[in-house]
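Heavy-atom basis, side chains included; hydrogens, waters and symmetry copies ignored. Numbered from 1 within each chain, the chains take letters A, B, ... in sequence-line order. Just so you know, these numbers come straight off a predicted model, no measurement behind them.
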Protein chains: 2
Amino acid sequence: MSDGAQFRQVSPVRLYQRIVEQIEQAIARGDLKPGQRLPSERELVSQFGASRPTVREALRVLESNGLVRSRPGDPNGPEILPFSSAGLAKEMTRLVQFDNVSMAELISFRMILDGSASLLAARLRSEEELSAMEQTLAVMSDAIEVGYEEFSKADVAFHEAVAVASRNSLIEVCNQVVRGAVLSLISDKVSHAGNSTALMRESLHHHQEVLEAIRAGDGLAAARISRRTLYDYYAGYVPESEQGPLLALVEKEDT
Amino acid sequence: MSDGAQFRQVSPVRLYQRIVEQIEQAIARGDLKPGQRLPSERELVSQFGASRPTVREALRVLESNGLVRSRPGDPNGPEILPFSSAGLAKEMTRLVQFDNVSMAELISFRMILDGSASLLAARLRSEEELSAMEQTLAVMSDAIEVGYEEFSKADVAFHEAVAVASRNSLIEVCNQVVRGAVLSLISDKVSHAGNSTALMRESLHHHQEVLEAIRAGDGLAAARISRRTLYDYYAGYVPESEQGPLLALVEKEDT
DNA sequence: TGAGCTTACTGGTCAGGCCAGTTATAGCGA
DNA sequence: TCGCTATAACTGGCCTGACCAGTAAGCTCA
């Protein structure tokens, strides 16, 4: 290791990147708030001293990152969008698709997130949050008669309510994303195989147990049950050779 | 709810988006593997039947998402990059910056991830992985004399080794990202305040305890200790009024 | 055979232009 | 005066064509 000056690798910075940076920072600093408008492209051209194609490249990048939205003909210019987790979801979906993340890893991660959410919810939930969860379970119960589609929607709503009660938006977002990834991967199989009233009743029962533990403030139980619920529900989609990590999570406090 | 046809909101799809989609899908399908090259911009122009600015907008978006890289003058065309979690990290950093995710939430999330990683590592680790962890601790021990910079690097390496042993790349990546976010948020304070040999020794001791639990295969203890270690280390950066969720995680099995 | 130069490409950037769409506004009619 | 409508001035989407500074392959010459 030399003790002289440390040089970092340099990379040529494209003009459009400088523009992206400037606008990103303006948003990060709060100079530009959601709902506010950017100047028109032609105006930006003169402000940045770049050509229109260059400015447009910058806007397309910002747009694809969900920071702004341009509508043709809008005289007010591109709109600054409120933050959304869509970008995060997209990135995580890519992670799953490209980086060969296995089904087992996904479900394992979901068990961790959902279990933690239940634990935190049991210890932090307010009365309003509790009744919100109760309500989603009521919807779930009714939905059994309607069909799997509705049931699944209520299921998601319940987990969402738990995540909200955990008071941690990272858990909320990540759980949402991972849940989406899992569901999209098994959607073809489940839409037919899962349309069983008995299975739905069983699932509902599990969810009621989780809710009961949350109501009782028993975080450990809530976490354990919610992990096991997920395991029971999804283990069938995981090859036996990869079930080790899943079992490691359900056996957690079984001794 | 009508029982007729369901119409979804439509939004005009830009030309550049179609190009992005096609290339993204080609990569997702595996038709384009990392290291392979895309045709030159002018060649893409004729393949897609779009103009160069449009093709360039697509390439800029792909580039900003970390999927490809263009170098001026390269006769082989833009390169398909291997997957990297940089994009995920960027999105999560944005989540923290824009969506007012508090320090408490970040640390809480980190405790969950790191705790789960330790738990899984305790139950799944191989001998090689165990000795890899031991080695990082040895480096950490030596680094105390060198300085905080080195120590911190070895610290990260240890957590990384644990995450690898958890056999779950989602944990690995997310933990990495969240750790980066936490560190970048407190970097200014810690670089001076943390340069204490005593603190480093204490931190090292905690890490040794975690490793011991992992070696013993005691997942619950490993998780508990690693959560507590993080709490002790970072609680000072969290206002007291927001420490509830953190305490909810360390008191987990204290009764 | 090897070193150096040339050339044919690459991507980065710009200028200018056309088109379809949106909207504010001016003007019209009641 | 008020409400509606038609227009005009803008917007972004997209294209053509061009210039420049690089790169690297291939050619030439020693």
Side-chain angles (χ1 to χ4, degrees), chain A residues 9-24 26-27 32-82, chain B residues 7-24 26-27 32-82:
Chain A
Q9 186 136 17
V10 296
S11 63
V13 178
R14 280 61 170 290
L15 223 43
Y16 86 92
Q17 284 187 330
R18 313 298 288 258
I19 299 179
V20 168
E21 285 169 17
Q22 285 200 44
I23 298 181
E24 268 184 347
I27 297 178
L32 291 172
K33 289 192 174 27
Q36 285 188 359
R37 301 311 186 95
L38 240 40
S40 75
E41 290 184 1
R42 290 167 175 85
E43 174 64 22
L44 289 172
V45 163
S46 70
Q47 284 194 26
F48 284 114
S51 71
R52 192 142 98 95
T54 302
V55 168
R56 279 176 62 78
E57 286 177 18
L59 286 175
R60 292 296 82 79
V61 168
L62 291 168
E63 188 168 29
S64 96
N65 285 2
L67 288 173
V68 306
R69 178 182 51 187
S70 311
R71 273 184 322 137
D74 188 338
N76 299 317
E79 182 184 358
I80 310 286
L81 294 179
Chain B
F7 296 116
R8 261 173 303 184
Q9 185 136 20
V10 298
S11 63
V13 178
R14 281 59 178 288
L15 223 43
Y16 86 93
Q17 284 187 329
R18 314 298 289 256
I19 300 179
V20 167
E21 284 169 18
Q22 284 200 43
I23 297 181
E24 266 183 348
I27 297 178
L32 291 171
K33 287 190 177 33
Q36 285 187 2
R37 300 310 185 96
L38 240 38
S40 75
E41 289 184 2
R42 288 167 176 85
E43 174 64 22
L44 289 172
V45 163
S46 70
Q47 285 194 26
F48 284 113
S51 72
R52 192 144 96 95
T54 302
V55 168
R56 281 178 60 78
E57 286 176 17
L59 287 175
R60 292 297 80 79
V61 168
L62 291 169
E63 190 167 26
S64 96
N65 285 1
L67 288 172
V68 306
R69 178 183 48 190
S70 313
R71 273 185 319 136
D74 187 339
N76 299 316
E79 183 183 359
I80 310 286
L81 294 180

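Residues from residues 61-72 of chain B lying near DNA chain D, meaning a heavy-atom separation below 4.0 Å, are B:Arg71, B:Pro72 in numerical order.
With sequence neighbours left out, A:Val45 forms a side chain to side chain contact (heavy atoms under 4.5 Å, CB included) with A:Arg52, A:Val55. Scored by the side chain to side chain contact (heavy atoms under 4.5 Å, CB included) test, A:Pro34 finds A:Pro82 as partners (sequence neighbours excluded).
A salt bridge links B:Arg14 and A:Glu63; the closest N-O separation between the charged side-chain nitrogens and carboxylate oxygens is under 4.0 Å. A salt bridge links A:Arg56 with A:Glu41: the distance from a Lys NZ or Arg NE/NH1/NH2 to an Asp or Glu carboxylate oxygen falls below 4.0 Å.
Among the heavy atoms of the strands, none lies under 4.0 Å from B:Arg37.
Contact annotation: the side chain of A:Glu24 approaches that of A:Leu67 to within less than 4.5 Å [non-hydrogen atoms, C-beta and beyond]. B:Val68 has its side chain out of reach of B:Leu81: every pair of non-hydrogen atoms, C-beta onward, lies at least 4.5 Å apart. At least one side-chain heavy atom of A:Gln22 sits under 4.5 Å from a side-chain heavy atom of A:Phe48. The shortest distance between side-chain heavy atoms of A:Ile19 and A:Leu44 does not fall below 4.5 Å.
One N or O on the side chain of A:Arg37 and one on the backbone of A:Gly77 form a donor-acceptor pair closer than 3.5 Å. For the pair A:Asp74 (side chain) and A:Asn76 (backbone), a donor-acceptor distance under 3.5 Å is present.
Counting only Watson-Crick and G-U wobble pairs whose two key distances fall under 3.5 Å, DNA chain C forms stems of three or more stacked pairs at C:1-30 with D:1-30.
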(message) I'd like to compare against my own output: the B/S/- annotation of nucleotides 13-19 of chain C with a strict under-4.0 Å heavy-atom distance to protein.
(response) BB--BB-
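The outermost nucleotides of DNA chain D lying under 4.0 Å from heavy atoms of chain B, listed 5' to 3', are D:dG13 to D:dA24.
At a cut-off of 3.5 Å, with distance as the only test, a side-chain donor of B:Arg60 or B:Ser70 sits close to an acceptor on the other residue. No side-chain N or O of B:Glu21 forms a donor-acceptor pair with one of B:Gln17 less than 3.5 Å apart.
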